[in-house]
Number of protein chains: 2
Amino acid sequence: MTGSRVSEKTSGIRDVAALAGVSPTTVSHVLNQTPHTRVSEETAARVRAAAEELGYRPNRLARGLRTQASDMIGLLTEEIATTPHAGRIILGAQEEASRRNLTLAIINSELHPDPEMDESQIQAFLDRQADGIIYATVYHDVIEAPENLLMRPAALIGARDTAGSIPAVLPDERGGAASVVDMLVARGHRRIGFAASADDVPATRGRLQGYLDGMARAGLSTDGLIVEGGSDARGGYRATLALLEREPTAVFCYNDRMAMGAYRAAADRGLQIPSDLSVVGFDDQAPLPESLFPALTTVALPHYEMGAWAVAALADLIQGTRDGQPRAADPEVLECPLIERDSVAPPRRRAAA
Amino acid sequence: MTGSRVSEKTSGIRDVAALAGVSPTTVSHVLNQTPHTRVSEETAARVRAAAEELGYRPNRLARGLRTQASDMIGLLTEEIATTPHAGRIILGAQEEASRRNLTLAIINSELHPDPEMDESQIQAFLDRQADGIIYATVYHDVIEAPENLLMRPAALIGARDTAGSIPAVLPDERGGAASVVDMLVARGHRRIGFAASADDVPATRGRLQGYLDGMARAGLSTDGLIVEGGSDARGGYRATLALLEREPTAVFCYNDRMAMGAYRAAADRGLQIPSDLSVVGFDDQAPLPESLFPALTTVALPHYEMGAWAVAALADLIQGTRDGQPRAADPEVLECPLIERDSVAPPRRRAAA
DNA sequence: CTGAAAGCGCTTACAG
DNA sequence: CTGAAAGCGCTTACAG
C-alpha cells in the first residue's frame, strides 16, 4: 500500500512535520534517532507514519552540507582498463561502501600518470567534499603520494607511500608464490622450474622471491631452473622451452599468460599436462585458467578483498578522525590464495634427490 | 608560486570576498561568469587574484543544494565482476563524465536481481540527488525498468525497456557477426562453420543471425554447418570436433572461449591454424586473443563507447529536461568492430562451389 | 518532551 | 557595476 502514486514533487522534512503536526526539529530527531533526545513514543509513531505516508527521503546533500560529512568516498584507480580483473577492486570497494551507507565515486587515472593530473583528479573529489579518498595503483611498490591526497583521510591499494603515513593494503605475492612451491613439493616435485618475468614491477620481485623461499625451505636447488622471459604467452613459451632442457617435473610461471605459453611448449615437446609436466600460473586471470586444457592451477590476487579492506580502513579512519583518534597506518598484506585445478599431478618418476 | 602552504582551514566564498573587498555575490558572479552580469574588469581581476591566493574551491555540495543539481550521475551495473571486460563500460562512462564535469557514482547489482533490490540501489542514488541514472545490464534484451528509475532522467546500457521511454545503447552483435562472414568470404572461404552457443541470451541470437545474414548474402549454404555447444572452451572444443566432420575451411565461434576450444580441437586433428583451418572468435576478451598461437581474430564489444554514449545521452537529457525539451529515445546501436589478428588465412584449397 | 532559530556555503532574483 | 537578502533542505545547540 505504499505510495503507488506518482508523486509530483518530492516531499521535504517540512511536509512531514506539517502532516505529523510537529516541528522539523522533532522529525529530524525521531528519524535520526538522535541520542540523548527523548521523544514520546506517540509522537514518534505519528512522525514515522507521516514520513512513510509521504515517502519521505532525507536529502543527503542538504544533510551533508549541515553535518560537514558527505558520506561519499572517492576511488581513484590507476588504469582500471588494462589491469587484469581490477574491476573486482571496484566491486569490493563498492560493496563495503554500501554496507556502511557510503557512496563510492570513481575516477580513473592514466597509467604512468602525470602527477599533476592525479592531483587534479583528487581535487575533483575534494571539491565534492569527499570524506576520504582511496588511491589504487598497480605495478608500484612505494609511491610518493599526491600532495593533496593528505588533505583528507586516505587509503592506498597496491602500494605504500614513502612517508608511511597512509594506511595501505598489498597482496602477498611472495607468500602466494611460496605456497605454490610448498604444494608442488608436497606432491613430490623436486625439480621445479620458474618462468620469471623480465618486467620491472614489484610483482616480479615478490613472486621470484617467494619461489626462492619455497625452494630454500625444501632444501632444493634452483640451479638453472630460473629462466626469464616476456610476461606474455610468447614469453612463457620461450622460457618453458628453455626450462625443459633442464628436465623439470613442474614449471611455475610468473603469470597465467606465461602459463598459456607453457602449455603450448609442452604440446610442442609431446608432453602431457599434468602427467608429464605440472604447470602453475599466477593471477587467476579469468577466463584463462578455466579455458585451458586441463584447467590451470594458479594463485589468485585478493582484488575484492583489497577494495573492501581499503574502504573499511578509510571509514574507520574517518570515524577516528572525527573522534580525534587518528589510527596507525600499518601496511596490511592480504593472502593470495592458491586455486587448485587440474594442471598439477605428482611427477611421473621419482626424481633423484 | 601557488599555495605551497598547508592551509589549515579551507577558505570559503566569504574569505575571497573579504580579501578582494567585494561581496560574495560579486565573487560568485565573476567565478561563474554569470551571463547578463557585467562586472568591471578591474574588480573581476581582484576577485580572481584573491581566489587564486586563497586556493579557493567552491563547495560543490553547497552549490548543488542551491542550484538543485548535484552534477553527479549514478551508474548501476549488473554484475561488473563476472562480465568480460565490463570495466571498460565504467571507464567510458567515467571519462565522459569527467569531460562534462560530472561525478560518477557507482553501485553494483547482483546478477538475476531481485527487482526490489535494484529499486533500493536506485533509491540510494536518488537520496543523493543524482541528476540522472544509468542502468547497465548484460544478458538482457528488453527489461522492465525499475519503477523509480523513471523519477529522474535515465539511460540504459545493453537493453531496451519495455515502455521504450528510456534512451538505450546496444552492441550490434548481429552486424558484427555478419562482418566476420563477409571477411571470411572475401578471403575465399565458402564452407564456414558456426560454433553456436546454447545459452539463452540475446547475444546468442544476434550472433547466429548475423552469421546467417552473411552466409545468405554470399549465397552460401549453412547446411550442417551450425553446431551448438556450451559457451566455454569445452563447448567450443566439442562443437568444433563435430563441425570438422563437415570439412569446413573456417569456423566462427560464438565467443573467444569457444574459439580456445576450437584451437584445441584443431590441434587434436593435426590441423594448423590458419593454414588448414581459419578460426574467428567474438568478444575480444583480454587476455585470450593475444595469448593464443596464433593470435585470434575476433570481434570487439564497444564497452567503452557504450559507457561514454550513455553518459553523453544522459547529460543531454538532463540539459533538455532543464530546458523543458525532453528528447526522443531511439535505441542506439553501436558497431562491434572486427579485430583482425592471425587466425585467418585463405582456404588451403579452392572449395567446390 | 518539543520547538524557534541559526547556520552549513553557496546562488539568484531584485534593488539600487 | 555591485550588494543585501532570501533560501536550497537539512541538523543542532539551546531554551523552555
Side-chain angles (χ1 to χ4, degrees), chain A residues 7 9-48 50-51 54-72 101 126-131 322, chain B residues 7 9-48 50-51 54-72 101 126-131 322:
Chain A
S7 53
K9 196 58 193 145
T10 151
S11 42
I13 197 170
R14 271 197 298 252
D15 302 305
V16 178
L19 182 57
V22 299
S23 71
T25 302
T26 299
V27 174
S28 175
H29 283 147
V30 353
L31 262 25
N32 294 319
Q33 304 183 86
T34 315
H36 311 305
T37 304
R38 295 256 47 96
V39 174
S40 77
E41 187 42 51
E42 191 196 1
T43 306
R46 237 173 36 244
V47 168
R48 279 189 287 264
L54 297 174
Y56 170 65
R57 306 286 316 184
N59 179 330
R60 300 272 238 130
L61 234 56
R63 184 208 301 241
L65 182 60
R66 177 60 231 244
T67 62
Q68 301 289 62
S70 63
D71 285 348
M72 183 209 87
N101 198 19
L126 261 20
D127 289 351
R128 282 162 193 289
Q129 315 301 117
D131 290 340
R322 281 181 192 155
Chain B
S7 52
K9 194 61 190 140
T10 151
S11 43
I13 197 171
R14 271 197 298 253
D15 302 305
V16 178
L19 182 58
V22 298
S23 73
T25 301
T26 300
V27 173
S28 176
H29 282 148
V30 353
L31 263 25
N32 293 319
Q33 305 183 83
T34 314
H36 311 306
T37 305
R38 295 255 49 95
V39 175
S40 76
E41 187 42 51
E42 190 195 2
T43 307
R46 241 178 28 251
V47 168
R48 279 190 288 264
L54 297 174
Y56 170 66
R57 307 285 318 183
N59 180 329
R60 301 272 239 130
L61 234 56
R63 183 207 303 241
L65 182 60
R66 177 59 231 243
T67 62
Q68 300 290 64
S70 64
D71 285 348
M72 183 209 87
N101 198 18
L126 261 19
D127 289 351
R128 283 163 193 289
Q129 313 303 116
D131 290 340
R322 282 181 191 156

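We name chains A, B, ... by the order of the sequence lines, and we start the count at 1 in each one.
- Among the duplex regions that DNA chain D forms, those built from at least three successive Watson-Crick or G-U pairs under 3.5 Å are C:1-3 with D:14-16, C:5-12 with D:5-12, C:14-16 with D:1-3, ordered by first number.
- With sequence neighbours left out, the side-chain hydrogen bond (donor to acceptor under 3.5 Å, both in side chains) criterion links B:Ser28 to B:Asn32.
- Legend: residues meeting side-chain hydrogen bond (donor to acceptor under 3.5 Å, both in side chains) with B:Thr67, ordered by chain and number and at least two apart, are absent.
- Partners of A:Leu61 according to the side chain to side chain contact (heavy atoms under 4.5 Å, CB included) rule, which considers only residues two or more places apart in sequence or in another chain, are A:Asn59, B:Leu61, B:Ser70, B:Gln129.
- Listed by chain and number, the residues in a salt bridge (Lys or Arg N to Asp or Glu O under 4.0 Å) with A:Arg46 amount to none (sequence neighbours excluded).
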Query raised in the report: Where along nucleotides 5-11 of chain D does protein come under 4.0 Å, by heavy atom, of base (B) or sugar-phosphate alone (S), with - for untouched nucleotides?
Result: BBBBBBB

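- Taking the side-chain hydrogen bond (donor to acceptor under 3.5 Å, both in side chains) definition, one finds that B:Arg14 meets it with nothing, sequence neighbours left out.
- Counting any heavy atom pair closer than 4.0 Å across all strands shown, A:Thr43 reaches sugar-phosphate atoms only and no base atom.
- A distance-only check finds no donor-acceptor pair linking the side chain of A:Ser11 to the backbone of A:Tyr56 [under 3.5 Å].
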Identify every side-chain donor-acceptor pair in residues 15-23 of chain A under 3.5 Å, counting partners at least two apart or on other chains, and give the distances.
| from | atom 1 | to | atom 2 | distance (Å) |
| --- | --- | --- | --- | --- |
| A:Asp15 | OD2 | A:Gly12 | N | 2.6 |
| A:Ser23 | OG | A:Thr25 | N | 3.4 |
| A:Ser23 | OG | A:Thr26 | N | 3.2 |
| A:Ser23 | OG | A:Thr26 | OG1 | 3.3 |

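- The shortest distance between the side-chain N/O atoms of B:Ser40 and the OP1/OP2 oxygens of D:dC1 is not below 4.0 Å.
- In terms of the side-chain hydrogen bond (donor to acceptor under 3.5 Å, both in side chains) criterion, residue partners of A:Arg60 (sequence neighbours excluded) are, by chain and number, A:Asp71, A:Asn101.
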